[in-house]
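Below is one structure, written out as structure tokens; comments come after it.
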Amino acid sequence: MREIDDKVKDGLSQLDRVDVQSPTKEDIIALIQKTKRKQRREAILFFIVTLILVNIVVFSIARLPAIYVTMNIILIGLLPVLLVLGLVKRWRDRYE
Amino acid sequence: MEEPLEVLIQKAQKGEEEALAVLLTDHYDRVYRFLLKITFDPDYAAELTQETMTKAIIAIKSYKMKKAAFSTWLFQIATNVFIDKKRKKKHEDEYVRMQRLQWSMKEEPHTEWLDIQDVLMKLDRKKRIPLLLKHYYGYSYEEVGRICQIRIGTAKSRVNSAVDFIRKELKHDEGNRR
């Protein structure tokens with residue numbers, strides 16, 4: 001067992017000779033910001049798609065004209081989201 | 001002055017980018033080397049390390065200090081990333097991979113190492129990762145089980161089976177040389 005242990009350790013430690021190009025702290029900060037932006041974008045997209053789908057299903061069950069679906073999506077979904085995004089952007093421009 | 005790990009983790013979980021960046025930069029090499037030992041491919045290991053870092057950024061708030069060390073948590077993410085990608089990635093030519101690995105090493109590796117690497121490459125990844133964690137990094141079976149998300153008994157049997165396989169293969173190689 002010990003012999004195997006040593007051989008595995010020796011063999012694998014040879015791999016530590018491979019040069020690593022470690023990123024700098026700035027690179028990682030850029031990656032963090034990129035990831036957060038992507039996450040935010042995905043969350044908004046998820047919200048919009050869910051909103052549209054739920055509305056279509058509810059309004060089609062209620063047999064209402066398509067114009068109501070559009071109006072409802074704009075009123076209860078997109079306008080508040082755009083308003084919040086606008087506020088966040090203004091807040092960021094001011095404080096960051 | 002450098003801040004203790006616990007403080008950095010707490011700050012990172014509160015959303016401080018600088019603290020999270022320090023944490024990830026400090027652990028980058030360790031994660032890369034771990035993935036290199038699983039994949040034997042420097043470029044692929046770098047790609048997986050980048051993805052591990054991205055997953056860690058997303059999941060940092062869910063990390064619990066009492067449950068596992070930060071590096072253990074990163075190894076767990078890296079193992080999952082490797083397994084997920086492996087399902088998608090096509091099997092690559094072992095010879096090309098070996099050449100690329102040797103090319104990226106600073107000196108020419110000795111033949112005995114090439115034998116053991118050959119054997120490890122033949123080993124199924126399900127057994128290779130527990131073996132690496134137990135016999136190279138010195139993790140307990142409980143930690144191996146947590147990282148690989150398997151039961152302790154399964155971890156033990158996989159490590160034992162991997163050791164048996166290596167023993168047989170090395171004996172076989174020696175026999176062939178004689």
Side-chain angles (χ1 to χ4, degrees), chain A residues 1-51 53 77 80-96, chain B residues 12 15-18 20-26 28-34 36-38 40-42 45-46 49-50 53-58 60 101-110 112-120 131-132 134-138 160 162-167 170:
Chain A
M1 187 68 141
R2 201 187 171 94
E3 190 199 355
I4 297 285
D5 233 32
D6 291 344
K7 277 192 175 170
V8 169
K9 269 187 186 163
D10 277 357
L12 288 170
S13 58
Q14 297 288 319
L15 287 171
D16 290 335
R17 293 192 339 218
V18 171
D19 235 356
V20 191
Q21 286 181 328
S22 301
T24 59
K25 204 171 85 181
E26 285 68 35
D27 292 335
I28 296 281
I29 288 179
L31 179 72
I32 292 170
Q33 286 168 347
K34 195 178 140 196
T35 309
K36 283 187 177 171
R37 264 200 306 274
K38 203 177 152 200
Q39 251 188 308
R40 220 174 294 139
R41 217 177 303 137
E42 278 172 4
I44 293 170
L45 198 70
F46 174 77
F47 176 79
I48 292 171
V49 171
T50 314
L51 187 75
L53 285 177
V81 167
L82 289 176
L83 188 77
V84 169
L85 284 180
L87 285 173
V88 169
K89 196 179 177 306
R90 252 180 67 185
W91 181 82
R92 281 188 157 185
D93 290 344
R94 197 177 293 168
Y95 296 106
E96 280 185 7
Chain B
E16 266 190 46
E17 286 176 3
E18 185 101 2
L20 183 56
V22 172
L23 264 178
L24 297 181
T25 315
D26 286 352
Y28 188 92
D29 274 22
R30 206 169 144 82
V31 173
Y32 174 78
R33 294 200 187 284
F34 169 65
L36 183 64
K37 286 174 185 104
I38 301 177
F40 295 100
D41 183 336
T49 311
Q50 171 101 353
M53 295 295 151
T54 308
K55 293 245 159 109
I57 293 167
I58 295 169
I60 185 70
L101 180 64
Q102 283 180 35
W103 181 256
S104 61
M105 289 175 80
K106 290 166 197 158
E107 298 157 44
E108 193 74 13
H110 50 76
E112 198 181 329
W113 173 70
L114 291 176
D115 287 345
I116 190 85
Q117 194 206 2
D118 224 24
V119 175
L120 287 168
L131 176 88
L132 174 75
K134 178 75 187 132
H135 288 273
Y136 186 81
Y137 287 100
N160 288 338
V163 170
D164 282 347
F165 178 81
I166 291 175
R167 202 173 281 153
L170 288 178

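Since the structure is predicted, the reported quantities are computational estimates derived from the model, not experimental observations. To find a chain, count down the sequence lines: A is the first, B the second, and so on, and within it residues start at 1. Values reported hereafter were calculated over all heavy atoms of this structure, with side chains retained and with hydrogens, waters and symmetry mates removed.
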> Given a strict heavy-atom distance threshold of 4.5 Å, which part of A:Lys38 is in contact with chain B: side chain, backbone, both, or neither?
Replying inline: neither
> What part of B:Ile57 lies closer than 4.5 angstrom to a heavy atom of chain A: side chain, backbone, both or neither?
Replying inline: side chain
> Counting only heavy atoms not in A:Lys34, do more than 12 fall under 6.0 Å of its NZ?
Replying inline: no
>> To the nearest 0.5 Å, what is the distance between CD on B:Glu18 and CD1 on A:Ile32?
In response: 9.0 Å
> Hey, which of B:Ala46, B:Ala21, B:Ala56, B:Ala45 has the most heavy atom pairs under 4.5 Å with chain A?
Replying inline: B:Ala21
> Do B:Met53 and A:Thr35 come within less than 4.5 Å of each other through their side chains, counting heavy atoms only?
Replying inline: no
> Where does A:Glu26 contact chain B at under 4.5 Å (heavy atoms): side chain, backbone, both or neither?
Replying inline: neither
> What option among B:Ile58, B:Thr49, B:Leu24 has the most heavy-atom pairs under 4.5 Å with chain A?
Replying inline: B:Ile58
>> For B:Thr25 versus A:Lys25, what's the shortest heavy-atom pair and its separation?
In response: OG1-CA, 3.8 Å
